[in-house]
There are 2 protein chains.
Amino acid sequence: MALEHAILVSLLEKPGSGYELARRFERSIGYFWTASHQQIYRVLKRMESDGWVEVRDVAQYGRPDKKEYSVAGRGRDALSAWLNEPTEPESVRHDLAVKVRGAAFDDPTALISQVERHRQAHTDRLTHYLAGETRDFGDPPPDGRLDAERELQHAVLRGGIAYERMMIAWLDDVLATLARLDTGR
Amino acid sequence: MALEHAILVSLLEKPGSGYELARRFERSIGYFWTASHQQIYRVLKRMESDGWVEVRDVAQYGRPDKKEYSVAGRGRDALSAWLNEPTEPESVRHDLAVKVRGAAFDDPTALISQVERHRQAHTDRLTHYLAGETRDFGDPPPDGRLDAERELQHAVLRGGIAYERMMIAWLDDVLATLARLDTGR
DNA sequence: CGTTGCTATGCAACAAAGTGCATAGGAAGA
DNA sequence: TCTTCCTATGCACTTTGTTGCATAGCAACG
């Protein structure tokens, strides 16, 4: 259970509605923590009844009204407690890795197009990240001093960039391996 | 739903009992697909009733008897179908990344020990992988020809190695960032 | 002989996540 | 006006995953 905490962090960075959170989970945050809007609304309900967040109805013109959530004191405490409790290294789920090993028992060359699709998805993400890095962290902060929020967001983004580069290189490795198997030898 | 498929691949590589599968999921396969023994037994039951796998009772001496599972024709077909259906890039869950961003709203330096713990876990895994690589792929295959199963397993292992190296480098980056924030500046 | 530990299998209850569907206001264009 | 799209919120159902517990054979040790 940590979707709660991801939401808390996002709301601390900037309060917003369930819908806005869902959009953030599609872009920046979603690259290291995924969640659908249904999940987010459900968890927000629970967080509200637990007193972790506060709601404010916001009337909007030209679009439906929204509920803006922000972090309450109890939410901050919960986040603090979670931050200080040790977390185990994440459990990984790479279905493509399963497929690569499984391809040995089917047609390995048939996997090439799928690996290429994944490679494309990862290069797209990398491009997206690099654009975001230039946009958000290209210039030093106006006041020249170290801003923890900004520095840590940048560190996480650098992690995303490193991850995508690693994946692209590995997928190239897999493609080379599949090609080698194809020429038979 | 892909635990089924991970199990099929594992059983194709080598038939075995639920217990043995659980142990494999703790080591090699578990590094890119995790599953507990309870899950495995439950899914094996379903796979058996769907005719994906076949069971054979094996009497053992010096230890309890076991049920050895192997892949049936329908299981092979199911695997083949899954291999050929496009899969979306994996959903990632990096709680440490959430924590790094969250640390901006708490005490960033308190996170250092946790990052170090993760770094240690990843170096341990890397060592484990590299030892496995030397053991299993150190010498060329005796007959000198390309074995798809072996080559693809090696490719997946190389992916694991690349992942751990990337993570260690990123965690060092995070540690440097946290240290920079600590000295204040 | 009792305890501990490893192999081996499984159930039950619960929590979390995913899938599908529904509703509703308003903008933009055919 | 009708359709389509975007914003905004949510329920119901199903599938997965987690946690805790239970059983049982056999070996090794004190």
Side-chain angles (χ1 to χ4, degrees), chain A residues 1-7 11 15-27 29-30 32-50 52-53 55-69 82 87-93 95 98, chain B residues 1-7 11 15-27 29-30 32-50 53 55-69 78 82 85 87-95 98:
Chain A
M1 189 202 359
L3 175 54
E4 271 88 336
H5 304 109
I7 290 178
L11 288 180
S17 68
Y19 187 81
E20 283 161 355
L21 281 170
R23 309 219 63 193
R24 291 185 212 169
F25 274 84
E26 271 169 26
R27 34 170 231 95
I29 319 167
F32 53 85
W33 201 275
T34 53
S36 63
H37 77 267
Q38 290 93 334
Q39 249 176 295
I40 291 167
Y41 283 119
R42 196 180 352 186
V43 171
L44 275 176
K45 270 271 152 67
R46 185 168 67 231
M47 290 169 79
E48 192 194 337
S49 73
D50 289 349
W52 288 22
V53 293
V55 204
R56 198 168 63 92
D57 280 305
V58 177
Q60 298 192 114
Y61 305 97
R63 55 180 63 179
D65 298 350
K66 66 175 181 178
K67 298 181 185 173
E68 195 182 74
Y69 290 88
W82 177 70
T87 317
E88 288 318 297
E90 342 65 49
S91 65
V92 187
R93 254 94 202 272
D95 50 12
V98 179
Chain B
M1 184 199 7
L3 176 55
E4 272 91 335
H5 304 109
I7 289 177
L11 288 179
S17 67
Y19 187 81
E20 283 161 354
L21 281 170
R23 310 218 63 196
R24 290 183 213 171
F25 274 84
E26 272 169 26
R27 30 170 237 98
I29 317 168
F32 52 87
W33 202 275
T34 53
S36 64
H37 78 266
Q38 290 93 333
Q39 250 176 294
I40 290 168
Y41 283 118
R42 199 201 312 186
V43 171
L44 275 174
K45 271 271 151 68
R46 185 170 66 233
M47 290 170 79
E48 192 193 338
S49 73
D50 289 348
V53 293
V55 205
R56 198 169 62 92
D57 280 304
V58 177
Q60 297 190 114
Y61 305 96
R63 55 180 63 180
D65 298 350
K66 65 175 182 178
K67 298 182 185 174
E68 193 181 76
Y69 289 87
W82 177 70
E85 107 195 359
T87 316
E88 289 317 298
E90 342 64 51
S91 66
V92 187
R93 256 94 201 273
H94 285 291
D95 48 14
V98 179

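In the text below, chain A, chain B and the rest are named by the order of the sequence lines, each starting its count at 1.
- No side-chain heavy atom of B:I29 sits less than 4.5 Å from a side-chain heavy atom of A:V98.
- The two atoms that bring B:Y19 and B:Y41 nearest to each other are N-OH, 3.3 Å, heavy atoms only.
- Axis angle between the ends of the helix from C:dC1-D:dG30 to C:dA30-D:dT1, five pairs each and rounded to 10 degrees, works out to 10°.
- Spacing between atom CD1 of B:I7 and atom P of D:dT16 amounts to 12 Å, rounded to whole angstrom units.
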inquiry  = Strictly under 4.0 angstrom, non-hydrogen atoms only: write out the protein contact profile of nucleotides 6-14 of chain C, one letter per nucleotide from the 5' end, B, S or -.
reply    = -BBBBB---

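- Checking A:A35 against A:Y61, the closest nucleotide of DNA chain C that is more toward the 5' end is the one next to A:A35.
- To the nearest angstrom, C1' of D:dT16 lies 12 Å from CZ of B:R93.
- Per the geometry, CH2 belonging to B:W33 stands 10 Å off P belonging to D:dT16, to the nearest Å.
- Considering all non-hydrogen atoms of both residues, A:H37 and A:A22 come closest at CB-CB, 3.7 Å.
- Heavy atoms only, all atoms of each residue included: A:D95 and B:W82 are closest at O-CH2, 3.8 Å.
- Using a 30° and 60° split on the angle between ring planes, A:H5 and A:W52 fall in the tilted class, from 30° to 60°.
- When all heavy atoms of B:L3 and B:A35 are compared, the closest pair comes out as CD1-CB, 3.6 Å.
- We find that CZ of A:R46 is positioned 16 Å from C1' of D:dG10, with the value rounded to whole Å.
- Considering CZ of B:R46 and CD of B:E4, their distance stands at 4.5 Å, rounded to 0.5 Å.
- Taking all atoms of both residues into account, the shortest heavy-atom contact from B:T34 to B:F25 is C-CD2, 4.3 Å.
- Across the protein-nucleic acid pair, A:L21 atom CG and D:dA8 atom P stand 12 Å apart, rounded to whole Å.
- When heavy atoms are screened at a 4.0 angstrom cut-off, B:Q39 is found touching base atoms of the nucleic acid.
- In this structure, CZ of B:F25 is placed 14 Å from C1' of D:dG17, rounded to the nearest angstrom.
- Of all heavy-atom pairs between A:V53 and A:L44, the closest is CG2-O, 4.2 Å.
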